[in-house]
Amino acid sequence: MALQSVRGFHDILGDDILRFKKVSGTARSVLKRHNFEEIVLPVVEYAELFQRSIGEVTDIVQKEMFVFKDRKGRVLALRPEGTAGTVRAFIQHKLYAKRPYTKLFYEGPMFRYERPQAGRYRQFHQIGAEVFGVQEPTADAEVISVVYKILNSLGIEAVIEINSLGCKECRPAYRQALKEFLSTKEENLCKDCVSRKERNPLRVLDCKEKSCQMTVKDAPKTVDFLCDSCNEHFNKLKELLTELSIPYRENSNLVRGLDYYTRTVFEAVAESLDTTVIAGGRYDYLVEELGGPPTPALGFAVGIERLSLLLKEIEEQEGLYIVIPFGNVQGYALEVAEKLRNKGKRVEFSYRKGGLRKQLEFADKLRAKFAVIIGEDEMREGVVTLKDMESGEQSKIKADEIV
RNA sequence: GAGGGUGUAGCUCAGCUGGUAGAGCGGGGGACUGUGGAUCCCCGUGUCGCGGGUUCAAGUCCCGUCACCCUCCCCA
């Protein structure tokens with residue numbers, strides 16, 4: 001078989017790279033304005049880190065991790081997400097001791113051994129951010145507003161859904177109530193949900209099976225079981241979002257697949273794709289569970305490929321100048337090209353063979369904004385012929401005066 | 001991990017009941033060493049995804065395999 005990339009591992013090129021960069025650049029610019037600092041994390045970590053953070057019984061850990069042993073027999077894994085590594089770094093470098101709170105963001109490839117589909121790859125890319133050390137809902141509001149701004153500046157239509165899962169105090173009671181409710185309705189649940197009911201009852205809430213959805217409508221809701229402080233936190237968050245004019249939808253069935261979430265969880269759902277493009281939430285116990293001091297935290301991750309899929313038009317690049325040498329004028333033409341580049345222009349020096357006709361066809365093909373035609377006449381006079389490729393107008397101007 | 005679909009030239013695809021591969025677009029070249037965004041002319045041996053089988057003969061049938069797409073699981 002011909003040489004080929006590994007299943008689920010894809011190249012990104014052509015127009016896709018423009019979309020990819022736009023998503024990445026937009027997210028970075030929003031994050032920068034919110035003063036998040038970048039951290040570049042390793043792609044490989046001890047597998048244990050993910051088992052302990054994401055949760056032993058989750059699908060990500062059980063069947064989707066790329067796990068392998070190195071030469072010393074250490075059990076390593078390709079990171080399936082970015083939060084665990086960020087938390088590990090936060091603890092390892094004792095960032096909690098340096099500032100009252102810390103805001104970080106990361107970008108890079110993540111790996112999950114899943115069945116590839118549209119917008120789903122085994123190597124995909126996320127840009128994510130985390131806030132450590134703030135328990136106030138203002139941090140939740142900031143993070144959600146970052147998500148909103150990213151979507152907004154990208155012109156992408158997605159609905160932000162929020163929910164609260166409660167904390168150590170109130171979640172157990174809810175879990176119990178839900179379990180009991182589900183037990184009475186077992187005959188209405190799908191096969192998956194019957195087994196899920198014990199292992200991870202919350203997940204039954206967002207099952208797509210119709211009969212499950214019908215059943216779940218009457219199920220107890222997380223928000224009805226929140227303790228006073230969780231309730232206050234959630235209400236305050238909603239107030240803040242309203243104040244910030246961030247549209248959101250409360251979805252009492254929203255739960256997340258990772259074990260570490262507490263209180264606020266949220267997703268940006270693109271209805272056109274019927275998929276989640278950005279997701280996140282609070283994880284107030286994770287830092288402590290991984291060996292750090294008790295530190296409330298929250299974050300989110302953007303699926304770059306998925307957002308790219310929603311990007312309609314790609315940004316026009318800066319207008320291209322194509323320098324067309326014609327005859328024995330190579331040196332002079334090259335000089336002109338350099339001058340333009342020094343002025344910051346995007347310049348292609350044409351290596352295309354053939355007459356002027358072919359050259360202009362080539363310019364057209366590259367979607368050049370201007371053709372800088374340089375023949376022997378031009379060289380003799382110390383000028384160039386600048387042709388506006390859209391209007392077709394052209395004029396001779398001095399080499400130094402092209403803008 | 002389960003189910004379904006697809007796989008022929010760079011791209012989109014045609015190829016009927018098996019007989020030895022085509023079109024459009026793109027690309028290259030050309031009466032044009034000075035003018036493009038539907039001027040004209042010329043140019044296609046590509047492992048018909050891969051491997052095996054049936055057959056005198058397979059792109060065309062059978063089996064396997066790989067990849068992609070869709071649904072489920074799960075998730076960004």
Side-chain angles (χ1 to χ4, degrees), chain A residues 1-10 14 23 27 54-55 57-65 79-83 107-128 147 158 190-193 195-196 200 203 206-209 212 255-258 267-270 273-280 299-310 322 324-329 350 352-378 385-394 396:
Chain A
M1 205 205 297
L3 237 36
Q4 213 180 319
S5 64
V6 175
R7 171 166 217 206
F9 290 72
H10 66 300
V23 171
I54 298 168
V57 299
T58 58
D59 277 31
I60 292 182
V61 165
Q62 284 189 333
K63 52 181 214 190
E64 295 176 2
M65 276 218 290
R79 59 182 187 193
E81 53 108 46
T83 298
E107 173 174 13
M110 304 296 161
F111 305 86
R112 262 123 95 158
Y113 197 95
E114 293 185 274
R115 194 125 183 186
Q117 287 176 34
R120 166 181 291 178
Y121 305 97
R122 288 184 175 177
Q123 175 177 336
F124 61 101
H125 298 78
Q126 290 187 330
I127 180 159
V147 168
C190 70
K191 229 192 261 164
D192 290 318
C193 282
S195 71
R196 252 194 302 241
N200 197 346
R203 295 219 59 76
D206 66 355
C207 180
K208 282 170 192 151
E209 204 68 42
C212 294
V255 299
R256 311 249 48 250
L258 286 59
E267 285 185 359
V269 181
L273 274 182
D274 192 27
T275 189
T276 301
V277 290
I278 302 180
F300 70 87
V302 176
I304 300 182
E305 285 88 343
R306 285 195 181 172
L307 267 193
S308 299
L309 239 37
L310 294 167
I322 178 161
I324 300 174
F326 207 63
N328 190 21
V329 297
S350 175
R352 218 288 190 193
K353 294 185 172 56
L356 233 206
R357 165 176 234 108
K358 297 284 186 193
Q359 294 283 3
L360 287 168
E361 275 173 12
F362 184 50
D364 219 36
K365 168 123 192 108
L366 297 187
R367 282 183 294 214
K369 191 160 168 42
F370 294 105
V372 182
I373 303 168
I374 300 175
E376 289 171 2
D377 297 348
E378 280 85 354
T385 295
L386 185 68
K387 180 176 178 111
D388 183 317
M389 290 300 287
E390 202 170 330
S391 67
E393 287 167 22
Q394 62 180 51
K396 287 190 177 180

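Throughout, a chain's letter reflects where its sequence line sits, starting with A, and its residues are numbered from 1.
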Value in whole Å for how far the P atom of B:C72 lies from CD of A:Glu64: 15 Å
Ring-face cation of A:Arg122 near A:Phe111 (centre distance under 6.0 Å, axis angle within 45°): no
Whole-Å C1' distance, B:G30 and B:U6: 40 Å
Sugar-phosphate only, base, or nothing, as touched by A:Ala363 at under 4.0 Å among non-hydrogen atoms: nothing
Qualifying salt bridge (charged side-chain N to carboxylate O under 4.0 Å, His left out) pairs with a residue from residues 367-377 of chain A, counting only residues at least two apart or across chains: A:Asp377-A:Arg380
Any A:Arg115 side-chain N or O less than 4.0 Å from OP1/OP2 of B:C73: no
Under 3.5 Å on both distances, the Watson-Crick or G-U partner of B:C75: none
Side-chain donor/acceptor contact of A:Glu361 with base of B:U35 under 3.5 Å: no
Between protein and nucleotides 29-33 of chain B, what N or O pairs are separated by less than 3.5 Å?
from  : atom 1 : to       : atom 2 : distance (Å)
B:G29 : OP2    : A:Arg352 : NH1    : 3.0
B:G29 : OP2    : A:Arg352 : NH2    : 3.3

B:A76 OP1/OP2 closer than 4.0 Å to side-chain N/O of A:Arg256: yes
Residue pair A:Ser350 / A:Gln359: nearest heavy atoms and the distance that separates them: OG-OE1, 2.8 Å
Value in whole Å for how far the C1' atom of B:U35 lies from CZ of A:Phe370: 17 Å
Any side-chain heavy-atom pair of A:Glu64 and A:Pro80 under 4.5 Å: no
Touch class at under 4.0 angstrom, heavy-atom based, for A:Glu81 against every strand present: nothing
Side-chain N or O of A:Gln117 closer than 4.0 Å to phosphate OP1/OP2 of B:U71: yes
Interatomic spacing from CD1 in A:Ile304 to NE2 in A:His125 - rounded to 0.5 Å: 7.0 Å
A:Leu307 CG to A:Gln126 CD distance, which is reported to the nearest 0.5 Å: 11.0 Å
Sugar-phosphate only, base, or nothing, as touched by A:Gly8 at under 4.0 Å among non-hydrogen atoms: sugar-phosphate
Donor-acceptor pair present, A:Glu376 side chain and B:G34 base, under 3.5 Å: no
Sugar-phosphate only, base, or nothing, as touched by A:Ile278 at under 4.0 Å among non-hydrogen atoms: sugar-phosphate
Aromatic ring of A:Phe362 stacked on base six-ring of B:G36, 5.5 Å, 30°: no
Touch class at under 4.0 angstrom, heavy-atom based, for A:Glu378 against every strand present: base
B:C73 and B:G4, which share atom name C1', separated by this distance in whole Å: 16 Å
Partner set under salt bridge (Lys or Arg N to Asp or Glu O under 4.0 Å) for A:Arg256, not counting sequence neighbours: A:Glu267
A:Ser391 vs A:Lys63, nearer the 5' end of RNA chain B by closest nucleotide: A:Ser391
